[in-house]
Each structure stands twice: as C-alpha cells, then as structure tokens.
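Note on naming: letters A, B, ... go to the chains in the order of the sequence lines (proteins, then strands), and numbering restarts at 1 for each one.
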Protein chains: 2
Amino acid sequence: MDPLDPDMFHPACPSSVMPIRIGDKWSAMIIVCLEQGPRRFSEIRVPVHGATPKVLTQTLRALERDGMITRTVYAEVPPRVEYELTPLGRTLLELIAVCRAWADEHLPTLLAAREAYEDRGSTPGSTAPAPFVDP
Amino acid sequence: MDPLDPDMFHPACPSSVMPIRIGDKWSAMIIVCLEQGPRRFSEIRVPVHGATPKVLTQTLRALERDGMITRTVYAEVPPRVEYELTPLGRTLLELIAVCRAWADEHLPTLLAAREAYEDRGSTPGSTAPAPFVDP
DNA sequence: CTGTATCCTTGTTGATACTG
DNA sequence: CAGTATCAACAAGGATACAG
C-alpha cells in the first residue's frame, strides 16, 4: 500500500464504520502513513485529506507528546519538517493490524446486523430467540 | 474480575488514558461487563458509573443495532430486560484483550513520554536527535 | 425497573484567513 | 513550506425530571 496514495483513506474505506479507534479521528491514519519512513507535513496531508492544517498539527503534536512520533526541523529554506515513528509508535502498527484483521473477518457481519436492524425498524420480531416480543 | 464491581472502571484505570477505543466511550466497558453472562439494565449501571440512563440506553441500542448484543424483554412485573453478548460481540472481547496487553506493555512508556514532554514545556532540546533546534 | 424527554455544557472538527 | 489565529458548526455527553 502506498502511504502517499490520496485515496488510501477513501470514505468507502472500512475504517469509516470501524468500531475501533486508535486515539482520535486522524491518529491511526497518520501512523499508517509513516509506516514506511519519515514524511513531511505536506506529504501527510495528501492521503489524510479532509484534515485541515490546524487539525493535522493538533494531532501530530498529540502524537509527539505521547512519544509516538518525533518531529525534526531542518534549518533550511524553504523550511522542512519531518515526522517519524518512534519504536513506541511502531507498536501501534501491530495493534492496527490486529484491528484490521478483525474488520476483515467481522465487519460484514456487523453491517449485515445493522441492515437487518434498520429493516425491521419498529416492526415485529426480536434479535434474540426471545420468549417475548418488545411491542 | 467481578463484572459487578463498582470500581471496575475506576478513574485511575488505565483505560482513561488508553489511546484505543472500541466504539464510543462506554461500549468496551459494557462488553466486558457482559463477558460472564447476561446482565440487566440496572446491573450494568453499577460498574459503569457515570453513565446516565440516557447514555446507557443509547450505547446499548447502538450495540444491539450492530449485532454485538441482544436485548430480551421478559413480560414480568416489575419489568426485566437482559442484555447478552452475541458471538460477534464476543469477538470484541479478544480485541479488547489485545488492547489491554498493549497497554500493560506500553502505557508506562507513553506516560513517561508525556511527562517528559510537559517537563520541557517550551525549554531547550528536541525530541529527536535533531541536528537543529526548534526555537 | 427500565427507560424517555429536555435542556445545556463541552469538546471536537471544520472553514477561512493570515504569518515566519 | 509549515504552520497559527479566529470563528463557526456540530455532536457527544451530562443533569435533571418524568413516564410506562
């Protein structure tokens, strides 16, 4: 997977309905973006579209604060800043992988349940083999 | 662990700072509460203190909608409602266990990084072995 | 007992514009 | 390029009261 692919986190991506979240809304995306090496601020903005610079900065600061990433400023012009995963941050990759595996296996079941739930709406039947029905 | 222990989710519990969340704020607690068998509405309220009935109902409905739990109403007086994990809901227990294992292993590191970050505040030094320093 | 109904506070996200 | 500042919008969560 290309961490610079603009469609890496397309709205249709399962992560939209995933019941698991690492940190806030954007953290996991950023972690995955940095998997293959350091990235610059503007490089991260590409796949993580929708995140304004403000939100991106907020999230990056929080990750830095928690020791997940490092922030390195190079005294060049134009300025260059690189973000890189720490060993601690890399441990999150494994966790994300586990979550993805869960999604691959169980998300279809979840979505089916959700659809079935909407379908009955307020009509008869109960989820369980219930002895009594909820009017 | 006793799923009816009022202090099961004490504020000092690591889950307060955990960067991983299953669903919303209360879902994971509820899932764990139901691990050992069906529970009634008021039984769930005990360990999940802080959740008002409104929020608890919301969360339970969402979990039911997604096929994680079943809701069974018994036509008794006083009314009795039991919530129970589905097989799908039980798969979340494994996921939660993985997250807990991550926390046991890495949360101290995270907290240390956080403390170190606060300590420097805006003083010298950089997180990375940075060649240049951020003024 | 098991919820609903209202109202309100707060935190989070987003849009837009501007700076070193 | 890499942010910061400011304001607006929204959704989640909580307090309180009440109903079937």
Side-chain angles (χ1 to χ4, degrees), chain A residues 4 9 11 15-17 19 21-30 33-34 38-46 48-65 69-84 122 126 128 130 132-135, chain B residues 4 9 11 15-17 19 21-30 33-34 38-46 48-65 69-84 122 126 128 130 132-135:
Chain A
L4 290 181
F9 300 111
S15 67
S16 312
V17 285
R21 281 192 24 191
I22 311 287
D24 56 35
K25 186 173 179 180
W26 308 103
S27 294
M29 297 186 200
I30 292 173
C33 276
L34 298 179
R39 300 282 174 200
R40 308 179 56 168
F41 188 84
S42 46
E43 288 175 328
I44 298 174
R45 290 197 66 183
V46 177
V48 186
H49 40 221
T52 60
K54 187 193 84 171
V55 172
L56 191 56
T57 301
Q58 275 179 189
T59 309
L60 288 167
R61 287 289 192 283
L63 288 171
E64 185 192 3
R65 185 179 102 109
I69 63 177
T70 57
R71 176 174 180 273
T72 308
V73 181
Y74 295 93
E76 302 171 359
V77 359
R80 182 163 60 99
V81 179
E82 283 194 342
Y83 296 91
E84 184 169 17
S122 52
S126 164
F132 298 96
V133 176
D134 189 7
Chain B
L4 289 181
F9 300 111
S15 66
S16 312
V17 287
R21 281 194 21 194
I22 311 287
D24 57 34
K25 186 172 179 180
W26 307 103
S27 294
M29 297 186 200
I30 292 173
C33 276
L34 298 179
R39 301 283 174 199
R40 308 180 55 169
F41 188 84
S42 46
E43 288 176 327
I44 298 173
R45 289 197 67 182
V46 177
V48 186
H49 40 221
T52 61
K54 188 193 85 170
V55 172
L56 192 55
T57 301
Q58 275 180 186
T59 309
L60 288 167
R61 288 289 191 284
L63 288 171
E64 185 194 2
R65 186 179 104 108
I69 63 176
T70 57
R71 176 173 179 275
T72 308
V73 181
Y74 296 92
E76 302 172 358
V77 359
R80 183 163 60 100
V81 178
E82 283 193 342
Y83 295 91
E84 184 170 16
S122 52
S126 165
F132 298 96
V133 176
D134 189 7

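We find that CG of A:Asp24 is positioned 15 Å from P of D:dA12, with the value rounded to whole Å. If you measure from atom CZ of A:Arg45 to atom C1' of C:dG14, you get 12 Å, rounded to the nearest angstrom. Taking atom CD1 of residue B:Ile44 and atom P of nucleotide C:dC1, one finds them 14 Å apart after rounding to whole Å. Straight-line distance from the CD atom of A:Glu76 to the P atom of D:dC1: 13 Å, rounded to whole Å. The distance from atom CD of A:Glu43 to atom C1' of D:dC1 is 12 Å, rounded to the nearest whole Å. Protein atom CZ of B:Arg61 is 14 Å distant from nucleotide atom C1' of C:dA5, rounded to whole Å. Rounded to an integer number of Å, the gap from B:Arg80 CZ to D:dG20 P is 23 Å. With rounding to whole Å, A:Arg21 atom CZ is found 12 Å from D:dA11 atom C1'.
Not counting sequence neighbours, A:Ala62 has no partner by the side-chain contact (heavy atoms from CB on, under 4.5 Å) test. Listed by chain and residue number, B:Lys54 satisfy the side-chain contact (heavy atoms from CB on, under 4.5 Å) test with B:Gln58 (two or more places apart in sequence, or in another chain). For A:Pro79, the side-chain contact (heavy atoms from CB on, under 4.5 Å) test picks out no residue, with sequence neighbours left out. The salt bridge (Lys or Arg N to Asp or Glu O under 4.0 Å) check on A:Arg80 picks up A:Glu76, A:Glu82, with sequence neighbours excluded.
In the set C:dT13, D:dG3, C:dT2, C:dT2 carries the atom at the smallest distance from any side-chain atom of B:Ser42. Nearest nucleotide to the A:Arg71 side chain, out of D:dA2, D:dT4, C:dT2: D:dA2. You'll find that the side chain of B:Val81 is closest to C:dG3, out of C:dT13, C:dG3, D:dG13.
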Report, one pair per line, the protein and nucleotides 14-18 of chain D atoms (nitrogen or oxygen only) whose separation is under 3.5 Å.
{"residue": "D:dG14", "atom": "OP1", "partner": "B:Lys25", "partner atom": "NZ", "Å": "3.0"}
{"residue": "D:dG14", "atom": "OP2", "partner": "B:Trp26", "partner atom": "NE1", "Å": "3.4"}
{"residue": "D:dG14", "atom": "N7", "partner": "B:Lys54", "partner atom": "NZ", "Å": "3.3"}
{"residue": "D:dG14", "atom": "O6", "partner": "B:Lys54", "partner atom": "NZ", "Å": "2.3"}

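Summary for the helix from C:dC1-D:dG20 to C:dG20-D:dC1: the axes at its two ends, each from 5 pairs, differ by 50° when rounded to the nearest 10 degrees.
The phosphate of C:dT2 (OP1 or OP2) has a side-chain N or O of B:Arg40 nearer than 4.0 angstrom. Regarding contacts with the backbone of C:dC1, every side-chain N or O of B:Arg39 stays at 4.0 angstrom or more from both OP1 and OP2.
A:Glu84 contributes atom CD, which lies 7.0 Å from atom OG1 of A:Thr72 (distance to the nearest 0.5 angstrom). The line from CD1 of B:Ile69 to CZ of B:Arg61 is 9.0 Å long, rounded to the nearest 0.5 Å. Separation of atoms CD1 (B:Ile30) and CG (B:Leu63) is listed at 5.5 Å; rounding is to 0.5 Å. Separating the CD atom in B:Glu43 from the CG atom in B:Leu34 is a distance of 9.5 Å, to the nearest 0.5 Å.
Between A:Thr59 and A:Pro79, the residue anchored nearer the 5' end of DNA chain C, judged by the nucleotide with its closest heavy atom, is A:Thr59.
Contact detail for A:Pro53 and A:Arg45: the closest heavy-atom pair is CD-NH2, 3.4 Å.
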